[in-house]
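Predicted model, so just to flag it, every value in this text is computed and none were measured. Just so we're on the same page: letters track the sequence lines, and every chain starts at 1.
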Amino acid sequence: MKLVVNRYKCGYCGACVAVCKFDANELIETYLEIYDDKCTLCMACVKTCPMNALEVID
Amino acid sequence: MKDVDYDVIVVGAGPAGSISAKTCAEKGLDVLLIEKRQEIGVPVRCAEGVGKEIEMLVKIDKRFISAEIEKAKIITPNNATIELSADKAGNEVGYVLERKIFDRYLAKLASKAGAEVRVKTSAIGLERENGCVKLKIRSIGEVEEVKARIVIGADGIESKVAKWAGIDTTLKLDEIESCVQYLMTNIEFEENTTYFWIGKKFAPGGYIWLFPKGEDAANVGIGIMPKMSEKSAKILLDKFVRENFPDGNITEIVIGGVPVKGAIETAVADNVMLAGDSARHADPLTGGGIINGMRAGYLAGITAYEAIEAGDYSASFLRKYDERWKNDFGKTLERNKKIQEKLIKMDDETLNKLARSLEGKRIGEISVRKLVIELIKNHPKLLWDLKDILLS
């Protein structure tokens, strides 16, 4: 299981970064970086994303 | 040789950052203002509405005003409308800004005051050394280290400066509004009027807004609380737009998160102050953050100046800034957080009843606080629930 961002949907607003307790993501200018080693799949960012750009896949 | 490259580095050239940089520069400090985007003010992440009190913070220039606001309409789940209007016609109560121009205007003021401005420049790391700060920055691909006495983190909702400084500002799912907004044309609305659709039917834990941008375009947006909503902001806004503005066209999409945490305990650490969204300074009831951010920027700027005069950049000295913003707007943040918690819990039927009780009453002065007071007068039970807030 893995968190992925759909870059065609992402609006690089940073809301997902603000709710991440684990520092598992970072918004580099307009590019959302996800750090799999830190992500706990807690779903906070998935629920927060205004654009449904984040999802957990198998 | 100087021991530092700058007295102050401000990270983020939004309203909070530019006002901090301007304030520091006016006091004669060496200031660097960095912005990670290649264009200041873009992409916009804001509904752009501000109260008239912005006039106390910046001289109003027609170039960054999209519309003047004289009236607000609040629409409840059963489509009853409560109208709030200025006491006198022609008396604007607020403005809708053009943030793309406004933010650049403020950055220019910082530059004119003497601050050095660099765009496409991100802060990528912060370390403390001998009582100062080493900030690692990446400027158009080139990494360098710059030393400063104080860093002001005005780096928005996704603040990195806060994390590096050890200030935990992580938002829980009931402390953030997830927002999408469309700039729409070919829609009908009354000029100089803002609209708010409230209730779970429209926006669980938030509201839908329409803010005019001139006569033939408007920002139509939604904020929802992730904890309270199964559906995303975009899905709910699309449904609303289909039902209410089927002929409208979308010329811009704006996406953002708004912190609605209320006042945080501290916005300072050794050598570091946070201002604006990074410090969760937006109003939890309205979501408005521009004015608080600018006030915070000013207060951080004067505190930076005093700290540098005193040669003391410790957290204990910088707590003065905490005191200042808390005394200025922090109490309102706390009070409005409590009001917001009550309002978002109300079911739609209660909101409909409240609206009925207000029908035919003219509420002069557009303020949410005034509206809440009016609601409470009509609903003593609500008064009981809110007594601690109102008495504080």
At a cut-off of 3.5 Å, what donor and acceptor atoms pair up between chain B and chain A?
unit_1, atom_1, unit_2, atom_2, d
B:Lys36, NZ, A:Leu27, O, 3.1
B:Arg37, NH1, A:Glu29, O, 2.4
B:Arg45, NE, A:Cys13, O, 3.4
B:Arg45, NH2, A:Cys13, O, 3.3
B:Lys120, NZ, A:Glu29, OE1, 3.4
B:Lys163, NZ, A:Asp23, OD1, 3.1
B:Leu171, N, A:Ala18, O, 2.9
B:Ser178, OG, A:Thr48, O, 2.7
B:Ser232, OG, A:Asn52, OD1, 2.5
B:Lys234, N, A:Pro50, O, 3.1

First locate atom SG of A:Cys20, then atom CG of B:Leu171, and finally report the distance between them rounded to the nearest 0.5 Å. 11.5 Å
Might you point out which heavy atoms bring A:Cys13 and B:Gly256 nearest each other, and give the distance in Å? CB-CA, 3.5 Å
With sequence neighbours left out, the residues meeting side chain to side chain contact (heavy atoms under 4.5 Å, CB included) with B:Ala300 are B:Ile152, B:Met273, B:Tyr321
Taking all non-hydrogen atoms of both residues into account, name the closest pair between A:Ala18 and B:Ile176 and its distance. CB-CD1, 4.4 Å
Go through B:Pro259, B:Ala162, B:Pro43, B:Cys179 and name the one with the most non-hydrogen pairs under 4.5 angstrom from chain A. B:Cys179
Identify, with sequence neighbours excluded, every residue that meets side chain to side chain contact (heavy atoms under 4.5 Å, CB included) alongside B:Val133. B:Leu126, B:Val151, B:Asn271
Greatest number of non-hydrogen atom pairs under 4.5 angstrom with chain B, of A:Ala15, A:Cys16, A:Gly14, A:Pro50, falls to A:Pro50
